[in-house]
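First comes the structure, then the notes that go with it.
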Amino acid sequence: MALASKKGRGARHDRYICFLHSLTSWESAAPTTKLKSSSTQDHLTVGMFTVSPCSGSVAAWDQQDITVDCLAGEEGTCEEQLYIDITGIDPKDNPLGVPFTLIAESSLPAIVEDVTLAYEEHPICSSTNLSCKLWSKKGVGLFVRDENKFIFTKVLVGQDAEAHVSIYNTSGLPCDVVLSIKPRPGKVQSPINNIFKVFPDKMSISHSSNGIATVTFTPPDEQTYDCIFKAFLVMLKSPVKSQTLIFAISGKGYEPQVTVVSPSARSKRGNPVLRFKRLQVGDSEMLPLVICNKGAIPVKFMLQLEDEHGIFFLKGRHSTLKKFYTENVEEVCTGNESKPPKKPFLLLHQGQSTKFDVIFKPTLAQRLEGKIHVVVGDICSNKTIIELVGEGHKDEFTLDGLEEDTEERNAKSSLKKDIIDAVRVNHIQFGECPVGKPCHRTFTITNHTSMKIMRFEWEADATFHFSPKMGHLLPRCAKDITVTLKADVPAIFRRHLVKCKVTKVNVARPRRKVQDWNDQMSIVTWKETARKDPAASWPEKES
């Protein structure tokens, strides 16, 4: 090996030194190459090390700083053995000089290349089983391994969803990483500004450690958005090519979809309508209200009843739906929005439905309206409204025990009016009746007055026969009426109208002495005969 030294003696109190390059060792995965060393008066270069100064003198009780620079050229471990030759010492002590070893390990900065490790806290699947796992997995999203894509799932429009990406530094050196979100090349779409965000945009990661980046997805509309995530490894003044971690990100915004299944009738305004019967004041009717989540995401909702007169009531059936209270509903809403009641929300999962009972109990003799607002996802708006229509009455003469016309309840002609009427119960359904044989149906007429006597008379043709057809109806009394249908030839009757003429009867005697009468009654006179029943004590009578 070459000797870089300066021979001779200096002043008595001075010591001269020189450096001797004695041994070189290099360990690397790359093929071994023969290393050369070079020396000048000022510095000595060996392997990846440069030592300066390489010779000089040190005065008594003084010191000399020696600088060793290391410039790594390849990845691996380098070990260099140097000797310090000090003049004026016994050559038997370290004949080659005082040994000094320089060791350095060089490596390339690197971040993890397996993106599935970067998303290790989120579910990972393949495209073959993506459809079955897309909605079954909990969390904000999942990673599709063979497509190198992360998919945000079940994100509401206007709300934030966060996914965390772990960036691993697999080398033994610290590194800087620059993070960015870019649009997908060649794809025509809306700008992704403020839709996808990454924080932080730059991070320093120590050796064999990791940093966490947060990707935020905020969909403004109900559509699909795409972008490219890049993690760029910053390597200043390095001959090695920079490394970039790249994968795609996709997400779709969803609107909560609460669908009113029952009632199926829709008004002119497109709202579901619950049409109640025309009821006597004090009577009541109950109709079902069925709500279903036909969307792709779970929905929390509650129902708000708007009723000016207090004649509609909302009652929930026994349900296994999860109830929870929330504090983030705005107390004051503006514009078309209204203040929600302090009631718990219900959580409705995808495809799940729940039932309620809506009760109408009129206290006023007039047409009555109400509304049910569906408050979805903390939003108190008028987007989903169920219209309630009913009517109360105080009629003196009523027909009871009749049926409603189901076709009339859901008839578009009735629902498309600006003012929807209550359902009238004045229908008799005979169904199919044999030709030539009588079919009977029975209902009741009632006089609701306390003082008035009423006379009734049915205006019917020969096909429909009423019994009794005419008569008197005393105050607070009811009477059964039988309707008989007998057709001698095949015939179809649809909405066949029959009128009943009702008039008030004035009598001169007290009401309690007025006897009931109808056309089915007759006056019978009895007279005695000479015949006598042996077992009886009175003679027989005949009419």
* Structure fact -> On a heavy-atom basis, the closest approach of Phe247 and Val165 is CZ-CG1, 4.1 Å
* Reported OG1-to-CD1 distance for the pair Thr218 and Ile192, which is rounded to 0.5 angstrom -> 12.5 Å
* Asked: Taking side chain as C-beta onward, heavy atoms only, is Leu485 less than 4.5 Å from Pro438?
  -> no
* Checking side-chain contact (heavy atoms from CB on, under 4.5 Å) against Lys277, which of Glu404, Glu391, Arg424 comes through? -> Glu404
* Asked: How far does CD1 of Ile311 sit from OG of Ser284, to the nearest 0.5 angstrom?
  -> 12.0 Å
* Please name the pair of heavy atoms, one in Leu179 and one in Ala213, separated by the smallest distance, quoted to 0.1 Å. => CD1-CB, 3.4 Å
* Asked: Are Glu147 and Arg145 close enough, and set up right, to give a salt bridge (Lys or Arg N to Asp or Glu O under 4.0 Å), and what steps lead you there?
  -> CA-CA 6 Å; Glu147 295 184 8; Arg145 182 186 298 105; over 6 Å; no
* Might you work through the side chain to side chain donor-acceptor pair (under 3.5 Å) test for Asp160 and Thr216, ending with a clear yes or no? => CA-CA 6 Å; Asp160 297 336; Thr216 304; over 6 Å; no
* Decide, yes or no, whether a salt bridge links Arg269 with Glu387 under the criterion of side-chain N to carboxylate O below 4.0 Å. => yes
* Point-to-point distance, once rounded to the nearest 0.5 Å, from CD of Glu308 to NZ of Lys371 -> 11.5 Å
* Donor-acceptor pair, Asp221 side chain versus Gln223 backbone, under 3.5 Å? -> no
* **Pairwise side-chain contact, Lys479 with Pro468, heavy-atom cut-off 4.5 Å (strictly under)** => yes
* Asked: Heavy-atom distance under 4.5 Å between the side chains of Lys417 and Lys268, does that happen here?
  -> no
* Between Glu396 and Lys504, is the closest basic N to carboxylate O distance under 4.0 Å? -> yes
* So Thr384 and His373, side chain to side chain donor-acceptor pair (under 3.5 Å) or not? Walk me through it. -> CA-CA 6 Å; Thr384 304; His373 298 265; over 6 Å; no
* To do: Evaluate the side chain to side chain contact (heavy atoms under 4.5 Å, CB included) criterion for residues Ile291 and Thr259: first the C-alpha distance (whole Å), next the side-chain angles of each, then the deciding distance (0.1 Å), finally the verdict.
  => CA-CA 6 Å; Ile291 293 179; Thr259 303; over 6 Å; no
* **Carboxylate-amine/guanidinium proximity below 4.0 Å for Arg367 and Glu369** => yes
* Roughly how far, to the nearest 0.5 Å, is the CG atom of Leu287 from the CZ atom of Phe312? -> 10.0 Å
* To do: Evaluate the side-chain proximity of Leu473 to Ile445: yes if any heavy-atom separation is below 4.5 Å, no if none is.
  => yes
* Asked: Can you name the one residue among Tyr254, Phe143, Phe217, Tyr225 that meets ring-ring contact (aromatic ring centres under 6.0 Å, His included) with Phe152?
  -> Phe217
* Asked: With a 4.5 Å heavy-atom cut-off, do Pro475 and Lys452 have their side chains touching?
  -> no
* Taking only Lys NZ, Arg NE, NH1 and NH2, and the carboxylate oxygens of Asp or Glu, determine whether Lys469 and Asp519 approach each other closer than 4.0 Å. => no
* Asked: Residues in ring pair (Phe, Tyr, Trp, His ring centres under 6.0 Å) with Phe313, at least two apart?
  -> none
* Is there side-chain contact between Lys197 and Ile181, with heavy atoms separated by less than 4.5 Å? -> no
* Asked: Roughly how far, to the nearest 0.5 Å, is CG of Leu388 from CD1 of Ile420?
  -> 11.0 Å
* Main-chain N/O of Gly436 paired with Asp488 side-chain donor or acceptor, under 3.5 Å -> no
* Asked: Considering all heavy atoms of both residues, which atom of Val290 and which atom of Ser353 are nearest to each other, and what is their separation?
  -> CG1-CB, 4.5 Å
* **Phe199 CZ: over 12 foreign heavy atoms closer than 6.0 Å** => no
* Are Asn293 and Gln352 close enough that a side-chain donor and a side-chain acceptor fall under 3.5 Å? -> no
* Asked: Just checking, is any N or O donor in the side chain of Thr484 or His440 under 3.5 Å from an acceptor N or O on the other one?
  -> yes
* Leu289 side chain near Leu303 side chain, heavy-atom distance below 4.5 Å -> yes
* Mind listing the closest non-hydrogen atom pair of Pro298 and Leu347 along with its distance? => CB-CD1, 4.2 Å
* To do: Evaluate the side chain to side chain contact (heavy atoms under 4.5 Å, CB included) criterion for residues Val144 and Ile151: first the C-alpha distance (whole Å), next the side-chain angles of each, then the deciding distance (0.1 Å), finally the verdict.
  => CA-CA 8 Å; Val144 186; Ile151 301 177; 3.8 Å; yes
* To do: I would like to know whether Arg494 and Ile492 meet side chain to side chain contact (heavy atoms under 4.5 Å, CB included); could you show each step before the answer?
  => CA-CA 7 Å; Arg494 288 193 178 96; Ile492 298 176; 3.9 Å; yes
* Donor-acceptor contact below 3.5 Å, side chain Asp395 vs main chain Thr398 -> no
* Okay, side chain of Arg275, backbone of Asp421: is any donor-acceptor separation there less than 3.5 Å? -> yes
* Compute the ring centroids of Phe456 and Phe397, then answer whether they are less than 6.0 Å apart. => no
* So which heavy atom on Gln304 is nearest to which on Val375, and how close? -> OE1-CG2, 4.0 Å
* Of the non-hydrogen atoms in Val157 and Pro220, which two are nearest, and what is the gap between them? -> CG1-O, 3.2 Å
* Asked: Is the closest side-chain donor-acceptor distance between Asp480 and Thr442 under 3.5 Å?
  -> no
* Using 4.0 Å as the upper bound for N to carboxylate O, is an ion pair formed by Lys182 and Asp226? -> no
* Kindly assign one of parallel, tilted or perpendicular to the pair Phe356 and Phe301, based on the angle between their ring planes and the thresholds 30° and 60°. => perpendicular
* Can you check whether Cys439 reaches Pro434 side chain to side chain, under 4.5 Å on heavy atoms? -> yes
* Is there a side chain to side chain contact (heavy atoms under 4.5 Å, CB included) between Ile386 and Val260 once you walk through the steps? -> CA-CA 8 Å; Ile386 299 101; Val260 179; 4.0 Å; yes
* Could you give the distance from NZ (Lys149) to CD1 (Ile228), rounded to the nearest 0.5 Å? -> 9.0 Å
* To do: Using a strict 4.0 Å threshold on nitrogen-to-oxygen distance, state whether Asp283 and Lys361 make a salt bridge.
  => no
* To do: Using modelled atom types only, decide if a donor and an acceptor are shared between the side chain of Asn447 and the backbone of Arg476 within a distance under 3.5 Å.
  => no
